[in-house]
Amino acid sequence: MPSKTVVITGASSGIGKSISKALLNKGYHVIGMARRKERMEELSNAFPDQFTALEADITDADAVLQARELILSKYDEINGLINNAGIGFLGPLEDAPLSQWHTMVDVNLKGLLTVTHTFLPSLLAAKGHIINIDSVAGHEVYPESVVYCSTKWAVKALSMGIEKELRGRVKMTNISPGPVETEFSTHTTHERKAEQMKDYFKNVLKAEDISNAVVFALESPQHVAINELTLRPFK
Ligand SMILES: NC(=O)c1ccc[n+]([C@@H]2O[C@H](COP(=O)([O-])OP(=O)(O)OC[C@H]3O[C@@H](n4cnc5c(N)ncnc54)[C@H](OP(=O)(O)O)[C@@H]3O)[C@@H](O)[C@H]2O)c1
């Protein structure tokens, strides 16, 4: 059983919850961060000795710093960081509230940067592993998903940059899922787009497909770095 410690953002639902479960079942110590702490209770109850639920909004740099202090008071090192928290408000450019564009940048990019900046010294000290949950939207640009795609392209650029600059010092894996059945598609408020997404998100990937990929990347031998994985529904 590995005694490694992994921090994951967005552990309260969907892909993040599934990754947390998979790592807990493999014996990792997992620190889940999300705003809805109550949604992490199931994991806290099932894995009281391995799972720590921290209520933290990743757009709040002080809250992320506090989370790090708490984690370091409990664990000697942090071996992995999974940047998973993210949000997508899809719809036509000209109908979008500016606040939704700003929220996507604040969470998907600035929040991810805040968490990465905060935990990087510990990850470097442990020769650890960063896994960014990007998207196929970070490889292509879709109409009516333009700003979401912009944030995910930025995540890919960051992953590529970290890989090049910190190669040999920290492992970097960028995981790019296509559509996955989670709460993700329910955040869109544009009525026509939300309706369209209901259909589009039928018979797609499951959160477990992504957590399997995370475990595969995380458990690769020390001399192997899996830098990019793309998963799409086969249909
Ligand atoms: N589902 C898909 O089709 C799909 C495809 C490709 C990539 N992705 C990416 O996968 C990641 C996970 O999404 P999901 O599909 O699992 O969606 P989800 O079920 O909506 O989960 C999103 C997670 O992000 C957290 N989060 C959102 N804003 C946050 C904030 N300000 N601070 C802390 N945590 C925050 C949420 O927790 P709280 O609300 O409790 O804070 C939740 O745990 C995202 O980065 C998404 O872009 C999803």
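All ligand and atom numbering here is 1-based and tracks the order in the structure. Fair warning: this is a prediction, and the values are worked out from it, not measured in the lab.
- Taking the six-membered ring for Trp and the full ring otherwise, Tyr148 and Phe184 have centroids separated by under 6.0 Å.
- Selection from Val180, Ile19, Asn83 by nearest heavy atom to atom 1 (N) of ligand 1 gives Val180.
- At a heavy-atom cutoff of 4.0 Å, ligand 1 is contacted by the side chain of Lys152 but not by its backbone.
- Between Gly10 and ligand 1, at least one pair of N/O atoms sits closer than 3.5 Å.
- At under 3.5 Å, a nitrogen or oxygen of Ile15, whether backbone or side chain, sits near a nitrogen or oxygen of ligand 1.
- Some N or O of Ile58 is nearer than 3.5 Å to an N or O of ligand 1, by distance alone.
- Using a 4.0 Å heavy-atom cutoff, Thr9 is absent from the residues neighbouring ligand 1.
- Checking Met197, Glu55, His187 against atom 20 (O) of ligand 1, the nearest heavy atom belongs to His187.
- The backbone N or O of Ser185 sits nowhere less than 3.5 Å from a side-chain atom of Thr188 that would complete a donor-acceptor pair.
- Heavy atoms of Asp106 come nearer than 4.0 angstrom to ligand 1 in no pair at all.
- At the top of the distance list for atom 14 (P) of ligand 1, counting protein heavy atoms only, stands Thr182 OG1, 3.5 Å.
- Ion pairing between Lys127 and Glu77 fails under the 4.0 Å rule for side-chain N and carboxylate O.
- The closest approach between Met33 and ligand 1 stays at or above 4.0 Å for every heavy atom of the residue.
- Atom 27 (C) of ligand 1 has Arg35 NH2, 3.6 Å as its closest protein atom, hydrogens excluded (heavy atom only).
- Under 4.0 angstrom from ligand 1, there are no non-hydrogen atoms of Lys17.
- Using the six-membered ring where Trp is involved, Phe89 and His187 have ring planes that are perpendicular, over 60° apart on the 30 and 60° scheme.
- Ion pairing between a basic and an acidic side chain is recognised when a charged N comes within 4.0 Å of a carboxylate O; Lys26 and Glu219 show such pairing.
- Using a 4.0 Å cutoff on heavy atoms, Gly178 counts as a contact of ligand 1.
- Protein heavy atom in closest approach to atom 8 (N) of ligand 1: Tyr148 OH, 3.8 Å.
- The closest approach between any non-hydrogen atom of Gly88 and ligand 1 is not below 4.0 Å.
- Atom OG1 of Thr103 sits about 9.5 Å away from atom CG of Asn108, to the nearest 0.5 Å.
- Side chain to side chain, Gln100 and Thr189 meet the donor-acceptor criterion of an N or O pair below 3.5 Å.
- Between Thr59 atom OG1 and Asp106 atom CG the span is 6.5 Å, to the nearest 0.5 Å.
- For Ala56, the heavy-atom gap to ligand 1 drops under 4.0 angstrom.
- Remark: Glu191 does not engage Lys198 in a salt bridge, criterion side-chain N to carboxylate O under 4.0 Å.
- Rounding to the nearest 0.5 angstrom, the gap separating the CG atom in Leu112 from the NZ atom in Lys152 is 7.5 Å.
- Contact between Val107 and ligand 1 is present, with at least one heavy atom of the residue lying under 4.0 Å from the ligand.
- Compare Val64, Asn84, Asn132, Ile133 by their heavy atoms: the one nearest to atom 44 (C) of ligand 1 is in Asn84.
- Hydrophobic clustering of Ile, Leu, Val, Met, Phe, Trp and Tyr side chains at less than 4.5 Å, counting indirect connections, keeps Val215 apart from Ile31.
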